[in-house]
Amino acid sequence: MLEVNGLSKTFKDVVAVNGVNLSLQAGESVGLLGPNGAGKSTTISMMATVLQPSAGGVYYNGQDSLKHTQALRKDLGVVPQDIALYEELTAYENLQFFGRLYGMKGKALKDKINEVLDLVGLADRKKHRIKTYSGGMKRRINIAASLLHNPKVLIMDEPTVGIDPQSRSYILALIRKLNQEQNMTVLYTSHYMEEVEKLCDRIYVMDHGQIIAEGTKEALTALLSDEETVIIETHDKKDAFKAALVEDGLIKQVIETQTGYKVIADKTDALLGNVFELAKTHQVAVRTLSIQTPTLEDVFLHLTGRKLRD
Ligand SMILES: Nc1ncnc2c1ncn2[C@@H]1O[C@H](COP(=O)(O)OP(=O)(O)OP(=O)(O)O)[C@@H](O)[C@H]1O
């Protein structure tokens with residue numbers, strides 16, 4: 001349905017996006033997961049045809065969207081990271097403004113505004129000025145604006161960053177509803193792996209401008225099937241203990257957590273024995289030791305050697 005091939009963007013000496021291939025099938029909910037600066041926003045700006053790529057193409061239903069922007073733009077809703085609303089206008093007036101930009105008017109526009117306000121759960125606040133809204137409510141109005149023209153594809157750039165938990169869960173439920181009940185195709189970018197895990201059928205993992213892995217959550221975590229994640233909880237974290245874990249032949253990665261350490265290692269019966277032995281040598285009292293099912297966070301760590309939220 002929507003496909004990008006070899007998409008690249010260079011800003012002076014910064015290579016923001018480097019040869020990205022990505023596709024969305026109709027009705028899919030796809031995640032684009034990557035840390036800050038990975039190139040997610042730049043990729044979706046090019047997909048939305050608002051930023052000209054340095055190289056590569058964007059194709060919508062087989063048509064070159066860089067040459068023929070109209071077909072894609074008509075069917076595409078974009079929720080940008082930055083909130084673009086008029087603070088002095090009410091929510092209703094803001095939506096009226098955006099609807100008119102899409103060429104909508106009269107009763108059709110009025111009905112659609114009321115429908116999208118209902119969808120985002122802010123119908124009762126429609127006459128209030130945007131400046132009285134919380135950050136999360138503004139984000140919901142932004143989403144409402146992106147839905148006015150009945151898009152078939154919705155691209156969202158980190159829509160839950162920096163907002164209150166109530167708005168966050170509202171937005172996540174709304175996206176699920178749009179995808180599952182209205183069969184809207186969704187591309188959801190985030191650096192929150194829990195959201196992407198829950199919402200998306202398929203996930204692209206992005207780092208340093210490139211797609212470094214792609215698949216269902218199950219396929220991605222299966223990359224770690226030969227490995228095990230061990231959570232060590234302790235009150236006395238010691239650098240020497242951490243260094244000894246890193247040196248252990250079975251252990252691949254050691255990450256310090258708030259409550260101790262997270263260790264990714266080869267799957268073997270000897271592992272827990274080694275960890276206990278090292279803890280004893282370095283006089284670290286281990287409160288609990290548990291083996292965790294791998295998460296997308298672990299996949300990212302495995303692929304890049306870094307945490308998703310460094
Ligand atoms: N207009 C620009 N001019 C110069 N550099 C840019 C521009 N836009 C983005 N970049 C750089 O390109 C890289 C990718 O940025 P981008 O915003 O696409 O990443 P992101 O994954 O969306 O991260 P974030 O979640 O922080 O928005 C970064 O190094 C960024 O500084």
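Remember, it's 1-based here, ligands and their atoms both numbered in the order they're listed.
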When only distance counts, is Asn36 in polar contact with ligand 1, meaning an N/O pair under 3.5 Å? yes

Starting from atom 29 (O) of ligand 1, locate the nearest protein heavy atom and write down its residue, its atom name and how far away it is, to 0.1 Å. Val14 CG1, 3.9 Å

Which residue holds the protein heavy atom closest to atom 12 (O) of ligand 1, what is that atom called, and what is the gap in Å? Ala16 CB, 3.1 Å

For ligand 1, does Met206 get within less than 4.0 Å through its side chain, its backbone, both, or neither, judged by non-hydrogen atoms? neither

Under 3.5 Å between some N or O of ligand 1 and some N or O of Ser41? yes

Have a look at Gly34, Gly37, Gly209, Ser190 and point out the one with the heavy atom closest to atom 24 (P) of ligand 1. Gly37

Mark up the atoms of ligand 1 that fall under 4.0 Å of a heavy atom belonging to Thr42, in ascending order. 9 (C), 15 (O), 16 (P), 18 (O)

Using the six-membered ring wherever Trp is involved, compare the ring planes of His149 and Tyr102 and label them parallel, tilted or perpendicular (cut-offs 30° and 60°). parallel

If we set the cut-off at 4.0 Å for heavy atoms, which region of Gln81 has an atom near ligand 1: side chain, backbone, both, or neither? side chain

Tell me which protein heavy atom sits closest to atom 5 (N) of ligand 1, plus the residue, atom name and distance to 0.1 Å. Phe11 CD1, 3.5 Å

Polar-atom distance check: Ala38 versus ligand 1, any N or O pair below 3.5 Å? yes

Between Asn114 and Lys126, do the side chains contain an N or O donor and an N or O acceptor separated by less than 3.5 Å? yes

Salt bridge check: are Asp298 and Lys262 linked by an N-O gap of less than 4.0 Å? yes

Tell me whether Gly39 reaches ligand 1 (any heavy atom closer than 4.0 angstrom to a ligand atom). yes

Working to the nearest 0.5 angstrom, can you tell me the gap between Asp201 CG and Asn179 CG? 6.0 Å

Is Leu174 linked to Val186 within one hydrophobic cluster, defined over Ile, Leu, Val, Met, Phe, Trp and Tyr using a side-chain heavy-atom separation of less than 4.5 Å? yes

Given Lys12, Glu158, His191, Lys40, which has its nearest heavy atom closest to atom 21 (O) of ligand 1? Lys40

Between the side chains of Lys112 and Glu115, is the shortest nitrogen-to-carboxylate-oxygen separation below 4.0 Å, so that they form an ion pair? yes

Whether Arg202 and Glu197 form a salt bridge (side-chain N of Lys/Arg under 4.0 Å from carboxylate O of Asp/Glu) is what I want to check. no

Under-4.0 Å protein heavy-atom contact, atom 31 (O) of ligand 1: no

Look up atom 2 (C) of ligand 1 and tell me if a protein heavy atom lies less than 4.0 Å from it? yes

Quick one: which of Ile251, Leu245, Val246 gives a side chain to side chain contact (heavy atoms under 4.5 Å, CB included) with Asp248? Ile251

Set of salt bridge (Lys or Arg N to Asp or Glu O under 4.0 Å) partners for Lys107, sequence neighbours left out: Asp111

With the threshold set at under 4.0 angstrom, would you say Pro35 reaches ligand 1 through any of its heavy atoms? yes

Would you say Ile143 and Leu117 are hydrophobically clustered, going by side-chain heavy atoms of ILVMFWY under 4.5 Å? yes

